[in-house]
Amino acid sequence: MEKKMFATLMKIHQKYQDLTALLEKDEILADQKKYLQISREIASITEIVSIFNKLLIEQKTLEDAKTMQIQEKDTELIQLAKAEIISTTKKIEEYKKELLILMLPNDENDENDVIVEIRGAAGGNEANIFVGDLFRMYQKWADSQKAKVKILSSSLAIAGGFTQIIFQISGKMIYSKLKFESGVHRVQRVPETETMGRIHTSTVTVTVMPKIDEKIQVEINPSDLKIDTYRSSGAGGQSVNTTDSAVRITHIPTGIVVTSQDERSQIGNKEIAMGILKAKIYNLELQKQQQKQSDFRKLAGSGARSEKIRTYNYPQDRITDHRISFSCSLKSVIQGNLNPIIEALLTQEKAELILQNYGDN
């Protein structure tokens with residue numbers, strides 16, 4: 001690992017020197033756009049280079065201390081050399097750990113807001129009720145992060161909860177924290193209508209997508225769209241609007257269908273539906289990339305119980321993320337305290353990325 005890491009650091013160090021030299025050239029100084037681009041590149045690796053330089057200094061200090069320990073005859077100097085070796089070795093290890101994290105490839109979407117879709121899968125009414133429970137869980141978590149939640153589309157279920165709900169969470173580094181929530185979430189509990197006290201198992205699917213912004217280009221050919229309008233309705237199908245303001249958009253090449261009916265105007269619903277559609281199309285490409293990566297990063301798809309990523313066991317007050325074998329109290333998590341799970345998932349991601357990029361081949 002260390003040889004591969006050191007070779008990478010040397011390349012970064014050389015790149016830093018080359019870019020710094022470029023900034024001094026007249027043609028670059030005259031091109032403001034190019035100058036800013038190079039400046040941003042330098043800024044992105046400055047911290048790495050700074051710590052690497054400190055590492056090189058400590059390594060030279062360590063070599064000198066080892067030489068002193070071998071060559072010196074004076075007992076006091078030998079003891080000083082030993083102390084220097086211990087102190088310097090500790091600093092070197094700390095710098096290596098910092099560099100490993102800094103050198104990991106960044107997810108280009110980590111800073112984005114997200115669009116979250118939750119759907120009932122297996123379990124009928126109980127699945128729909130759990131969709132509502134998960135929505136409230138994410139809503140409470142967002143509140144704790146000082147993030148804003150906006151419902152984009154929802155379909156109320158007769159027995160409670162939602163058959164489907166799509167919402168946006170806007171805040172700082174939201175996608176980086178929620179990107180591993182995608183997959184099948186399984187709930188085990190006794191329904192309120194269950195007279196015999198039997199535990200039912202239901203599943204819902206959660207999909208977390210980066211919100212499309214100016215950095216993400218998603219081109220959609222208008223001829224690939226089928227757009228229908230209809231009268232919006234609530235639970236049970238009752239009309240909640242007297243005009244055809246609801247919008248359904250079908251993307252013919254992918255078969256993706258999105259709807260929006262919560263806005264009062266047809267224009268507003270169409271805008272929201274297009275935003276959801278673009279996020280879904282972009283997410284398809286992300287899924288293709290993730291399928292080439294580790295099992296940990298793959299998204300579950302169909303909603304089958306065998307594809308679960310997480311189980312919410314109410315009778316045992318336990319929530320378990322099966323990808324990392326992490327368990328904690330369900331009561332705390334369902335009230336919005338998702339951070340212990342999020343931090344455990346991000347720690348695992350870093351460990352896998354380190355192994356992937358700097359592990360022995």
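We count residues from 1, following the sequence as given.
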Any side-chain heavy-atom pair from K148 and I169 closer than 4.5 angstrom? no

Look at atom CD of E111 and say whether more than 12 heavy atoms of other residues, nucleotides or ligands are closer to it than 6.0 Å. no

Cluster overlap I101 with Y95, hydrophobic side-chain contacts below 4.5 Å: yes

Within a reach of under 6.0 Å around CD of E76, are more than 12 heavy atoms found that belong to other residues, nucleotides or ligands? no

Under 3.5 Å, is there a donor-acceptor pair between the side chain of S332 and the main chain of N337? no

Evaluate the criterion side-chain contact (heavy atoms from CB on, under 4.5 Å) for residue pair Y175 and D113; output intermediate values, then yes/no. CA-CA 6 Å; Y175 184 75; D113 296 337; over 6 Å; no

Only one of T205, V206, V204 passes side-chain contact (heavy atoms from CB on, under 4.5 Å) with V131; say which it is. V204

Which pair of non-hydrogen atoms, one from A127 and one from T203, has the smallest distance, and what is that distance? CB-O, 3.6 Å

Does I78 reach the side chain of D74, with side-chain heavy atoms less than 4.5 Å apart? no

Answer whether the closest heavy-atom distance between the side chains of I249 and M274 falls below 4.5 Å. yes

Check whether the side chains of R318 and S327 place a donor and an acceptor atom closer than 3.5 Å, and report yes or no. no

Going by side-chain contact (heavy atoms from CB on, under 4.5 Å), I309 matches just one of E181, H322, R186, H185. Which one? H185

Do D31 and E27 have side-chain heavy atoms sitting under 4.5 Å apart? no

Any side-chain donor near an acceptor of the partner, K140 and Q335, under 3.5 Å: yes

Does the side chain of Y312 pick up a donor-acceptor pair with the side chain of D133 at under 3.5 Å? no

Specify the closest pair of heavy atoms between L9 and M103, including all atoms of both residues, with the distance to one decimal. CD2-SD, 3.4 Å

Return yes when atom CD of E271 has more than 12 non-hydrogen atoms of other residues, nucleotides or ligands closer than 6.0 Å, and no otherwise. no

Checking Q168 against S170: is there a side-chain donor and acceptor pair closer than 3.5 Å? yes

Steps toward side-chain contact (heavy atoms from CB on, under 4.5 Å) verdict (I319, F326): CA-CA 8 Å; I319 182 169; F326 178 89; over 6 Å; no

N/O donor-acceptor pair under 3.5 Å between D224 side chain and P253 backbone: no

Heavy-atom closest pair, residues L330 and N313: CD1-N, 3.4 Å

The test is side-chain contact (heavy atoms from CB on, under 4.5 Å); show your working for S155 and I165 and say whether it passes. CA-CA 6 Å; S155 298; I165 185 167; over 6 Å; no

Y35, OH: over 12 other non-hydrogen atoms inside 6.0 angstrom: no

In terms of hydrophobic clusters joined by side-chain contacts under 4.5 Å, are I174 and L346 together? yes

If you count every heavy atom of other residues, nucleotides or ligands that lies below 6.0 Å from E72 atom CD, does the total exceed 12? yes

Around atom CG of D26, are there more than 12 heavy atoms from other residues, nucleotides or ligands closer than 6.0 Å? no

State, with a plain yes or no, whether a side-chain heavy atom of V116 is found less than 4.5 Å away from one of I118. yes

Take the angle between the ring planes of Y138 and F167 and call it parallel below 30°, perpendicular above 60°, tilted in between. tilted

I92 CD1 to K54 NZ distance, which is reported to the nearest 0.5 Å: 14.0 Å

Are a donor atom and an acceptor atom from the side chains of N221 and S223 found within less than 3.5 Å of each other? yes

Show your working on side-chain contact (heavy atoms from CB on, under 4.5 Å) between I115 and V208 and close with a plain yes or no. CA-CA 6 Å; I115 292 176; V208 177; over 6 Å; no

Spacing of N283 atom CG and I212 atom CD1 [to the nearest 0.5 Å]: 9.0 Å

Mind listing the closest non-hydrogen atom pair of I334 and K331 along with its distance? CG2-O, 3.5 Å

Polar contact flag, side-chain donor to acceptor under 3.5 angstrom, T163-N128: no

Return yes if a side-chain donor-acceptor contact under 3.5 Å exists between S176 and D110, otherwise no. no

Side-chain contact, heavy-atom cut-off 4.5 Å: K280 with I276? yes

Shortest non-hydrogen contact from C328 toward V333: SG-CG2, 3.6 Å

Kindly write out the residues that satisfy salt bridge (charged side-chain N to carboxylate O under 4.0 Å, His left out) with E94, not counting sequence neighbours, or none if the list is empty. none

Looking at L56, I want to see if its CG is surrounded by more than 12 non-hydrogen atoms of other residues, nucleotides or ligands under 6.0 Å. yes

Contact check, side chains of I12 and Y16, non-hydrogen atoms, under 4.5 Å: no

Main chain of W141, side chain of S144: is a donor-acceptor contact present, judged purely on distance under 3.5 Å? yes

Checking E117 against R119 for the salt bridge (charged side-chain N to carboxylate O under 4.0 Å, His left out) test, could you report, in this order, the C-alpha distance in whole Å, the side-chain angles of both residues, the deciding distance, and whether it holds? CA-CA 7 Å; E117 178 183 57; R119 287 176 174 268; 3.3 Å; yes

Using a 6.0 Å distance limit plus a 45 degree cone around the ring axis, check whether R248 lies over the aromatic ring of Y230. yes

For E84 and T88, which I'm curious about, is there any donor-acceptor pair between the side chains at under 3.5 Å? yes

Can you get from I341 to L134 by hopping between Ile, Leu, Val, Met, Phe, Trp and Tyr side chains that sit under 4.5 Å apart? yes

If you measure from CD1 on I256 to OG1 on T250, what distance do you get to the nearest 0.5 Å? 10.5 Å

Pair D64 + K66, salt bridge at N-O below 4.0 Å: no

Less than 6.0 angstrom separating the ring centers of F130 and F135, yes or no? no

Between the main-chain N or O of V247 and the side-chain N or O of N269, is there a donor-acceptor pair closer than 3.5 Å? no

Test of understanding: clusters of I, L, V, M, F, W, Y form through side-chain heavy atoms closer than 4.5 Å, transitively. Do V218 and V257 belong to the same one? no

Heavy-atom closest pair (L77 atom, M68 atom, distance to 0.1 Å) is O-SD, 3.8 Å

Does K96 have more than 12 heavy atoms from other residues, nucleotides or ligands lying within 6.0 Å of its NZ? yes

Could you check whether Q14 and D18, counting side-chain N and O atoms only, form a donor-acceptor pair closer than 3.5 Å? yes

For the residue pair Q348 and F180, establish whether any side-chain heavy-atom pair is separated by less than 4.5 Å. no

